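Here is the structure we will look at, set down as structure tokens.
Below, chain A is the first sequence line, B the second, and so on; all start at residue 1. All figures in this text were calculated on a predicted structure; none of them were measured in a lab.
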Protein chains: 2
Amino acid sequence: MQKTKSAIKGGNAGRNRGHNRRVVLDYVRRNEPTGRAEIARSCGLSIQAVSNITDALAADGFLQMVGKATGKRGKPVVQYRFNPDQSFAVGLEMRPDALVCAVLNLKGALIVADRIAISNATPARAIPLACELVEKTIEKAGRARSQLLGVGVVMPGPFGESALSGIGEANLPGWQDIDIKQSFEAALSCTVVVENDATAAAISERVAGVATKIDNLCFIYFGTGLGLGVIAGGHAQSGAFGNFGEIGHVITQVDGTACSCGNHGCLETYASRMAAKTYLKARGHSAIDTEALSRLMVAQDPDLQAWISRAAKHLSLAIGMLENIFDPEAVVLGGAMPDSIIEALIAQLSLPKGSVANRKERSIARVIKGASGRNTAAIGGASIIIHQATTPALSLFN
Amino acid sequence: MQKTKSAIKGGNAGRNRGHNRRVVLDYVRRNEPTGRAEIARSCGLSIQAVSNITDALAADGFLQMVGKATGKRGKPVVQYRFNPDQSFAVGLEMRPDALVCAVLNLKGALIVADRIAISNATPARAIPLACELVEKTIEKAGRARSQLLGVGVVMPGPFGESALSGIGEANLPGWQDIDIKQSFEAALSCTVVVENDATAAAISERVAGVATKIDNLCFIYFGTGLGLGVIAGGHAQSGAFGNFGEIGHVITQVDGTACSCGNHGCLETYASRMAAKTYLKARGHSAIDTEALSRLMVAQDPDLQAWISRAAKHLSLAIGMLENIFDPEAVVLGGAMPDSIIEALIAQLSLPKGSVANRKERSIARVIKGASGRNTAAIGGASIIIHQATTPALSLFN
DNA sequence: ATATTTAATTCAAGTTACTTGAGTAAATAA
DNA sequence: TTATTTACTCAAGTAACTTGAATTAAATAT
């Protein structure tokens with residue numbers, strides 16, 4: 001009988017210290033400016049403890065004192081705020097045709113993004129190039145390498161054995177057999193996290209996007225295929241084998257369009273960049289890239305309009321399903337797709353009325369546009385690093 | 001600007017103590033019999049700390065020393081095991097037509113289950129009756145009321161404003177406006193947790209069912225409708241508004257059968273007890289309850305066979321979708337449905353091959369049968385209490 | 001048989017980070 | 001001016017964990 005690995009570890013004074021620092025840091029980041037008494041009340045700690053912690057965080061540069069707040073009765077509050085420039089995070093998107101790198105400050109603001117074209121993106125070729133790009137982009141951002149918090153590497157899923165399964169045609173070749181995280185950690189000697197694009201995008205919305213105050217969201221990501229990133233209770237979902245969110249292969253039409261995965265009627269064959277490309281090519285358009293899509297959108301091309309209308313139908317089904325399953329505060333659409341098309345898709349959705357999401361007193365729309373564009377995934381990668389550094393979790397005890 | 005309530009609190013020695021006790025208790029429960037050195041290694045604590053903690057847990061009756069294990073080199077391990085009878089948990093299912101109560105020991109074993117019929121289940125009528133049933137069932141189980149760990153109340157979701165939304169026809173009337181948890185806590189003066197049936201069922205599989213070693217699972221629950229309970233990373237998902245898992249209203253056939261929710265082609269109209277009832281009634285069968293379904297199954301009734309075959313098609317779609325979205329270790333089917341029918345449904349599934357779940361090296365089947373029968377939900381309710389008491393989580397710091 | 005090795009466990013002292021309680025400071029309200 | 005309120009500091013106290021040396025008991029080697 002195999003013993004269960006206890007995923008959850010015990011705590012001690014030291015681990016507690018780390019946890020509490022994150023709790024305080026996270027609270028200040030989300031409620032700045034704020035004072036120590038308020039932090040203590042909110043975080044369930046004594047004022048003295050918070051005082052010690054803020055002193056330490058300020059000494060380390062994570063927090064900044066920003067003067068006193070008067071107006072209320074009592075001794076004025078010495079206010080602290082989060083220092084977004086204490087360090088920085090790097091995001092790196094690995095694509096078959098390009099490597100994209102983004103440097104973000106701790107508030108999630110983009111400092112610099114850069115990219116290089118690449119072909120034949122095997123690990124042996126791509127990893128050194130990627131690392132070089134990372135170093136150059138850090139330099140371009142004018143940041144000290146020593147302040148690097150970590151690198152978030154974003155690759156299209158699914159990971160692992162998925163190559164065997166039919167899904168994952170859009171994957172990079174030769175990456176199934178290596179430990180990506182370890183390879184990058186060895187090359188960059190810093191914290192590295194590997195995630196899929198959709199999850200990265202979802203996290204970036206929570207770090208600095210439309211969902212900073214939202215703890216439960218679904219992000220539908222337009223990559224080559226279609227991905228789903230979910231944040232539940234403030235934490236990103238990743239599945240048992242890291243392949244959470246393969247929404248592209250959810251079937252929205254029985255016996256529909258043939259999909260590369262072997263099934264028919266997958267959502268991805270209707271609503272994805274690839275689907276748009278295929279649809280437009282079949283109607284005589286050529287060289288469909290993101291820019292071309294933008295242009296067709298401006299020109300109100302009837303073929304693109306027809307595609308959007310069809311895609312919106314399938315997306316509506318999928319979104320209704322997500323709402324009923326995840327009960328999120330909002331569904332976000334974004335990714336490597338022109339803003340104008342995402343907006344058009346949202347405008348044409350016909351969401352089911354019979355849904356737990358169809359509440360009268362909604363403070364946010366059911367579907368909102370998230371970050372999109374060519375750098376979304378790389379920004380998402382950096383956001384994961386920020387999220388991990390500032391979000392207290394049980395993982396601290398691991 | 002509203003301040004974020006810090007959901008996550010800081011830790012101190014006392015909270016750490018509680019956390020560590022749970023970590024140790026959980027480890028022993030899942031790996032018994034085991035010794036202190038092993039616990040220390042697995043939980044990241046020092047042997048001395050574990051020794052103190054096990055002493056305390058043994059003194060409180062949560063752990064029992066069960067002798068020494070020889071055979072290996074070195075001083076023999078003093079083994080401990082979880083004491084399943086230190087206290088007990090109660091589950092209570094509130095249904096429109098009946099109240100079901102189950103008493104479980106801490107290992108999740110059923111001690112006694114009981115039920116009473118009820119009509120017009122308004123809160124004012126049902127809550128006193130339910131509390132009476134709880135007390136009587138505890139007595140019948142021969143347990144001391146003082147050992148009661150808590151009561152898990154199971155009701156069909158969705159909760160909250162859902163009555164407005166069209167979904168939830170099967171709901172109990174008059175329960176939308178009261179705080180169910182508080183009402184029961186006041187009446188029973190003990191810990192009360194309220195959950196939906198599907199989540200309760202999922203947790204019960206993890207506490208004592210087919211998923212004790214599984215951290216990621218999806219449970220499709222046959223209630224009146226169809227529910228989904230998900231455990232991800234060992235923790236039950238509940239959604240932003242407690243309405244996670246309304247899988248019954250996922251559309252598996254565009255323009256399909258009309259559903260009470262106003263949409264067409266909802267999974268629930270094909271695969272649920274209600275669907276079976278409707279299908280069989282339309283074909284001349286009458287008085288279809290669970291027992292009748294069992295009898296028809298034994299008799300190999302062709303109408304029921306046809307229904308199963310159709311339901312399996314729709315379930316296959318839904319399960320494929322769940323696999324792609326959640327990437328679970330397994331999907332479990334169970335609930336208030338005869339075992340024989342669940343088995344037949346599983347046998348007739350045709351799962352998509354293009355799925356992240358279609359791995360070669362699976363140790364468990366993609367779809368397995370979980371607990372089913374008339375008491376499943378009540379047992380699930382009690383399981384939630386057990387799960388909460390023995391599963392360490394960040395919530396300890398709340 | 002005896003010695004050695006291995007591993008679990010205990011004992012006592014030491015450490016850490018938090019809490020407590022008394023006291024101070026600075027603002028508004030009366 | 002005085003009282004009240006609220007934030008914060010200082011110093012001492014405490015709980016729970018870690019560390020390191022010593023002890024115990026079984027399996028294995030000599």
Under 3.5 Å between N/O atoms: give me all the protein pairs with nucleotides 27-30 of chain D, atom names plus distance.
{"residue": "D:dA27", "atom": "OP1", "partner": "B:G71", "partner atom": "N", "Å": "3.3"}

Can a donor-acceptor pair be found, under 3.5 Å and without considering hydrogens, that links the side chain of B:N20 to the backbone of A:G11? yes
Test your reading of the model: is there a side-chain donor-acceptor pair from A:R22 to the backbone of A:Q388, 3.5 Å cut-off? yes
Out of D:dC8, C:dA12, C:dA17, which nucleotide sits closest to the side chain of B:Q48? C:dA12
Looking across every strand, which nucleic acid part, if any, lies under 4.0 Å from A:R21 by heavy atom: base, sugar-phosphate, or nothing? nothing
Just the rounded figure in Å: distance from C1' of C:dT19 to CZ of B:R15. 11 Å
Contact class for A:A37 vs. all strands (heavy atom < 4.0 Å): base, sugar-phosphate, or nothing? sugar-phosphate
Using whole Å, what does the distance between atom P of nucleotide C:dT10 and atom NZ of B:K75 come to? 6 Å
Could you state the atom-to-atom distance from CD1 of B:I47 to P of C:dA12 in whole Å? 18 Å
If we fit an axis to the first five pairs and another to the last five of the helix from C:dA1-D:dT30 to C:dA30-D:dT1, what angle do they make, to the nearest 10°? 0°
Could you tell me whether the phosphate oxygens of C:dT19, OP1 or OP2, come under 4.0 Å of any side-chain nitrogen or oxygen in B:N12? yes
Go through the steps to decide whether B:Y80 and B:Y27 satisfy the test ring pair (Phe, Tyr, Trp, His ring centres under 6.0 Å), and finish with yes or no. CA-CA 11 Å; B:Y80 285 83; B:Y27 184 81; over 10 Å; no
Integer-rounded Å distance: D:dA25 C1' and B:K68 NZ: 7 Å
Indicate yes or no for a side-chain donor-acceptor contact from B:T212 to the backbone of B:A208 under 3.5 Å, with no hydrogens or angles considered. no
Side chain B:Q86, main chain B:D60, donor-acceptor under 3.5 Å: yes
Pull out every residue in residues 50-57 of chain B that has a heavy atom closer than 4.0 Å to any atom of DNA chain D, ordered by number, or say none. B:I53
Decide side chain to side chain contact (heavy atoms under 4.5 Å, CB included) for A:F62 and A:V28; before the verdict, give the C-alpha distance in whole Å, the side-chain angles of both, and the deciding distance to 0.1 Å. CA-CA 10 Å; A:F62 286 101; A:V28 176; over 6 Å; no
Within the structure, does a side-chain N or O atom of A:R36 lie under 4.0 Å from either OP1 or OP2 of D:dT6? no
A:D85: which of A:Q64, A:Q147, A:R143 passes side-chain hydrogen bond (donor to acceptor under 3.5 Å, both in side chains): A:R143
Do A:N216 side-chain atoms and A:A232 backbone N/O form a donor-acceptor pair below 3.5 Å? no
A:I39 CD1 to C:dC18 P: how many Å, rounded? 14 Å
Please state how far atom CG in A:N20 lies from atom P in D:dC17, giving the value in whole angstrom units. 15 Å
Regarding B:E32 and B:K107, does a basic nitrogen lie under 4.0 Å from an acidic carboxylate oxygen? yes
Take atom CZ of B:R17 and atom C1' of D:dA15, then tell me their distance rounded to the nearest Å. 9 Å
Can you check whether A:I214's main-chain N or O pairs, donor with acceptor, with A:R206's side chain at less than 3.5 Å? yes
Which of the following nucleotides, D:dC8, D:dA15, D:dT18, is nearest to the side chain of B:A13? D:dA15
Pair A:L148, A:I138 - check side chain to side chain contact (heavy atoms under 4.5 Å, CB included), show working. CA-CA 9 Å; A:L148 173 60; A:I138 291 172; 4.1 Å; yes
Contacts of B:V78 and A:G14 projected onto DNA chain C by closest heavy atom; the upstream (5') one is B:V78
Once you measure the plane-to-plane angle for A:F244 and B:F326, does it fall in the parallel (<30°), tilted (30-60°) or perpendicular (>60°) bin? perpendicular
